[in-house]
Amino acid sequence: MPLVLPPSVLGFYLLVAFSPQHGVGKWLLNTFNIQFVFSFQGLVLASVIYSMPFMIGPIKSALQQLPQSLAQASYTLGKSEQETFIRVLLPNIKPSLLTAIVLTFAHTLGEFGVVLMIGGNIPNVTRVASIAVYDSVENMDYGAANIYSLILFCITFVMVIAVFIFNKTHAKSPLE
Amino acid sequence: MIRINIEKKLKAYSGQEWLKIAQEFANGSITKVYGPSGAGKTTFLKIIAGLITPEKGVITVDDITWLNTSLTQNLSPQKRMTGFVFQNYALFPNMTVQQHLEYASNDAQWIQYLLIIGKLETLADHKPEHLSGGQQQRLAILRAIAIKPKLLLMDEPFSALDQKMKSVLIKELKLLFDELKMTVLIVTHNPQELDGLTSLELSIPGN
């Protein structure tokens with residue numbers, strides 16, 4: 001669902017759900033003293049929910065591409081499902097795992113709608129780089145916007161190149 | 001004594017077919033299972049190992065019930081601990097030859113012994129992708145034997161080996177089977193293969 005929902009809609013619902021005035025948000029505040037709205041924790045939680053499908057999708061399809069007999073062989077050796085997953089399945093989808101982690105991170109880094117909704121762009125608390133770019137442009141401060149943008153550009157560029165190189169040198173389908 | 005009486009629906013090109021097998025295997029016997037492609041030989045082995053559940057059936061091994069569909073008893077593959085040699089070997093791409101055997105067994109001496117009879121001792125730190133087809137097949141056999149199973153199920157285990165390697169390995173395996181008192185089922189599509197190794201035959205006719 002988070003994959004197809006407009007980010008601002010998801011952000012809005014999370015904002016309503018975690019509002020400290022009522023329901024879940026009130027309960028969280030009273031029992032654990034946690035407030036997810038307009039806080040950094042909330043921003044992290046919302047980003048996790050929003051970006052989860054970008055992580056789960058590639059990992060699931062990579063696991064499905066592994067021959068079924070790998071897990072079966074491990075079971076006949078007496079290994080549990082958990083041990084099979086950790087020692088046999090996960091190590092054999094390493095390239096997909098890495099790609100998923102990096103792309104999800106990059107995706108989260110650039111998140112705007114959800115973060116703005118639940119975080120509220122509070123300086124030094126919930127203002128993230130992608131919102132800072134927008135803010136600077138709004139204030140006609142093109143110099144600052146340029147710096148923020150350049151930093152984001154460099155980080156994502158380096159990550160994509162790194163994944164590309166890694167997959168080129170290490171990735172080999174287990175079926176080959 | 002292993003008693004098997006199973007019925008499993010097979011999806012075949014011509015529609016649905018039933019695989020029906022009722023058979024007993026004495027402890028320590030070595031049986032050749034043969035039949036045409038698609039007859040259900042691999043399915044039969046996987047049913048015994050617990051990897052596939054048949055529609056109807058009972059499997060008992062030394063008076064322990066592994067499967068009884070009418071009582072909804074079904075022992076997991078982990079508890080059955082059959083040695084299984086897969087037709088496609090099912091080697092783990094992330095593990096070396098040595099690690100494969102260590103994954104199956106903690107006994108270092110036993111692992112060393114297996115490496116020697118499989119002639120893989122010089123390749124112990126190689127991963128499967130750097131092994132030849134025959135070497136991969138030997139590793140798959142060794143990994144299955146490493147758990148010292150009471151029941152060993154082998155699906156076309158010698159298909160990638162040349163004649164010389166095959167007869168040497170079969171000789172070694174026969175000694176091991178006797179020593180460990182293993183009951184062995186070997187699937188093959190070629191009834192002439194394995195003469196001298198197996199004492200019993202089970203034909204799965206197909207439809």
Side-chain angles (χ1 to χ4, degrees), chain A residues 54-105 159-176, chain B residues 42-43 45-53 66 74-96 99-106 111 127-131 136 139-157 185:
Chain A
F54 292 87
M55 190 76 193
I56 291 174
I59 290 177
K60 205 172 144 197
S61 77
L63 286 173
Q64 280 166 346
Q65 272 173 20
L66 285 178
Q68 236 188 346
S69 57
L70 284 190
Q72 291 183 336
S74 181
Y75 297 158
T76 60
L77 297 172
K79 306 297 179 186
S80 67
E81 284 186 23
Q82 291 93 315
E83 187 167 7
T84 300
F85 184 71
I86 291 167
R87 294 184 61 187
V88 176
L89 302 183
L90 269 189
N92 288 313
I93 58 160
K94 234 187 243 165
S96 307
L97 201 62
L98 183 83
T99 309
I101 288 172
V102 170
L103 292 185
T104 307
F105 181 72
M159 282 193 307
V160 170
I161 291 287
V163 168
F164 182 77
I165 293 172
F166 178 85
N167 281 352
K168 197 102 192 192
T169 50
H170 290 259
K172 228 181 176 189
S173 155
L175 296 170
E176 270 174 47
Chain B
T42 299
T43 306
L45 291 193
K46 288 194 172 177
I47 287 172
I48 300 174
L51 299 168
I52 294 177
T53 307
W66 279 12
N74 192 359
L75 221 56
S76 67
Q78 286 91 340
K79 290 200 176 125
R80 297 187 192 194
M81 283 279 261
T82 55
F84 202 112
V85 181
F86 288 80
Q87 196 172 8
N88 66 354
Y89 320 144
L91 298 174
F92 307 134
N94 60 314
M95 292 187 199
T96 63
Q99 285 166 342
H100 271 88
L101 300 180
E102 284 169 353
Y103 187 65
S105 167
N106 297 321
I111 290 173
K127 289 192 175 168
E129 59 177 331
H130 299 301
L131 301 178
Q136 291 185 8
L139 176 57
I141 297 171
L142 297 182
R143 182 183 62 182
I145 295 174
I147 57 170
K148 297 187 180 171
K150 283 270 159 273
L151 177 59
L152 180 65
L153 308 167
M154 305 169 98
D155 196 354
E156 304 267 6
L185 269 68

(request) Report yes or no: does A:Asn92 contribute a side-chain atom to a donor-acceptor pair with the main-chain N or O of B:Asn94 at less than 3.5 Å? (result)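 It does hold such a pair.
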(request) Kindly give the heavy-atom pair with the smallest separation between A:Leu70 and B:Phe92, and that separation in Å. (result)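 For A:Leu70 and B:Phe92, the tightest heavy-atom pair comes out as O-CE2, 3.4 Å.
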(message) Report which part of B:Leu91 has an atom under 4.5 Å of a heavy atom belonging to chain A: side chain, backbone, both, or neither.
(response)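 Just its backbone gets close to chain A.
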(request) Taking heavy atoms only and a threshold strictly under 4.5 Å, list by residue number the residues of residues 75-88 of chain B that touch chain A; give 'none' if the list is empty. (result)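 Within residues 75-88 of chain B, near chain A: B:Pro77, B:Gln78, B:Met81, B:Thr82, B:Phe84, B:Phe86, B:Asn88.
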All N/O donor-acceptor pairs, side-chain side in residues 140-152 of chain B, below 3.5 Å, sequence neighbours left out:
| from | atom 1 | to | atom 2 | distance (Å) |
| --- | --- | --- | --- | --- |
| B:Arg143 | NH1 | B:Ala90 | O | 2.9 |
| B:Arg143 | NH2 | B:Tyr89 | O | 3.1 |
| B:Arg143 | NH2 | B:Ala90 | O | 2.9 |

(request) Kindly compute the distance separating NZ (A:Lys79) from OH (B:Tyr103), expressed to the nearest 0.5 Å. (result)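 Separation between the atoms: 6.0 Å.
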